[in-house]
Amino acid sequence: MKIATWNVNSIKVRLGAVTDWLREAEPDVLLMQETKTVDEAFPHLEFESLGYKCHVHGQKSYNGVAIVSREPVTDVRIGLPGDDGDDHARYMEAVVRGVRVICLYLPNGNPVPGPKFDYKLGWMDRLIARARELLDREEPFLMGGDYNVCPKEEDVYDPAAFANDALCQPESRARFRTLLNMGLTDALRVFVPAGAAYTYWDYTGGAWHKDHGLRIDHFLLSPQVADRLVACEVDRGPRGRERASDHTPVWCRLDLGG
DNA sequence: ATGGTTGTGTTACAA
């Protein structure tokens, strides 16, 4: 089973780019972030004509996540538990072929310090709590999405320039590391153990052409799913095209047998 | 050089 994640930065603007990529890469499941569209306006038909069914959790103007699958999906859950007052559309789950697939758009958190950074850290604490629950139940799961965290200095083109950025703060990195220390696997680092493997390039200053990127889109796998991991790659192709998202897709392949 | 660009939805905010 091939699963991809992509922060599309508006599904309305990116619909052509996304359907083009689905045709060429043929993932079984695509996790999208920053769809920026209410559920009523989501372009279901365009995906259905390619054989995919969409499960969406959107809001007006900001955020928004979606799980798009050509495999049957059960047990769709909306929202990250732990704060009933959180109205950002940033998190959803679905079970596909026995794997609980989580699609997340972690808060950016800038500027530091401030309420947005506090929200980010609280959100990460809730994500850790959810991961702990699923590990305790020994439920196979995969968490993919835009984490808005550069785990290490090697994940930033210019660490000094990002020293004060929420994506690189010790508190953000410590929480990401907690997820790893709980036994989750950073799927890309199984195949690209070190060095630059960027997934995002800012729109400003010719960042793409200078390869001034960040690695902030990740797949974290529970132990049972990590045992099934056979590939994980960043596909830089879509970032270089016309009217691109500032993120490019990352995909992984699980050998689930059958 | 305290800049730059894109998207949403109206001229400010988020990233």
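Atom set for the values below is all heavy atoms of this structure, side chains included, hydrogens, waters and symmetry mates excluded. Given the structure is predicted, the values throughout are model-derived calculations rather than measurements. A, B, ... follow the sequence lines: proteins, then strands. Residue 1 opens every chain.
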Subject >> Distance, P atom - from dG9(B) to dA14(B), rounded to whole angstrom >> reply: 14 Å

Subject >> Side-chain ion pair, E154(A) and R189(A), N-O less than 4.0 Å >> reply: yes

Original post:
Phosphate oxygens OP1/OP2 of dT8(B): is one of them under 4.0 Å from a side-chain N or O of S10(A)?
Top reply: yes

Subject >> Of R77(A), H55(A), R100(A), the residue whose pairing with E93(A) passes side chain to side chain donor-acceptor pair (under 3.5 Å) >> reply: R100(A)

Original post:
Do NZ/NE/NH1/NH2 and the carboxylate oxygens of D255(A) and R228(A) come within less than 4.0 Å?
Top reply: no

Subject >> Pairwise P distance, dT2(B) and dG7(B) [rounded to whole Å] >> reply: 26 Å

Check nucleotides 13-15 of chain B for protein N or O atoms closer than 3.5 Å to its own N or O atoms and list the pairs.
residue: dA14(B); atom: OP2; partner: K116(A); partner atom: NZ; Å: 3.1
residue: dA14(B); atom: O5'; partner: K116(A); partner atom: NZ; Å: 3.1
residue: dA15(B); atom: OP1; partner: R90(A); partner atom: NH2; Å: 3.4

**OP:** Ignoring backbone atoms, establish whether R14(A) has a side-chain N or O less than 4.0 Å from OP1 or OP2 of dT6(B).
**Re:** no

Subject >> R23(A): salt bridge (Lys or Arg N to Asp or Glu O under 4.0 Å) partners, not counting sequence neighbours >> reply: D20(A)

Original post:
When you compare dA1(B) with dT10(B), how far apart are their P atoms, in angstrom units rounded to a whole number?
Top reply: 38 Å

Original post:
Charged N to carboxylate O below 4.0 Å: is that the case for E40(A) and K60(A)?
Top reply: no

Original post:
Starting at NE2 of H209(A) and ending at C1' of dT5(B), how long is that distance when rounded to a whole Å?
Top reply: 13 Å

**OP:** To the nearest Å, give me how far apart CH2 (W208(A)) and C1' (dT6(B)) are.
**Re:** 17 Å

Original post:
Thinking salt bridges, do R239(A) and D211(A) make one under a 4.0 Å N-O criterion?
Top reply: no

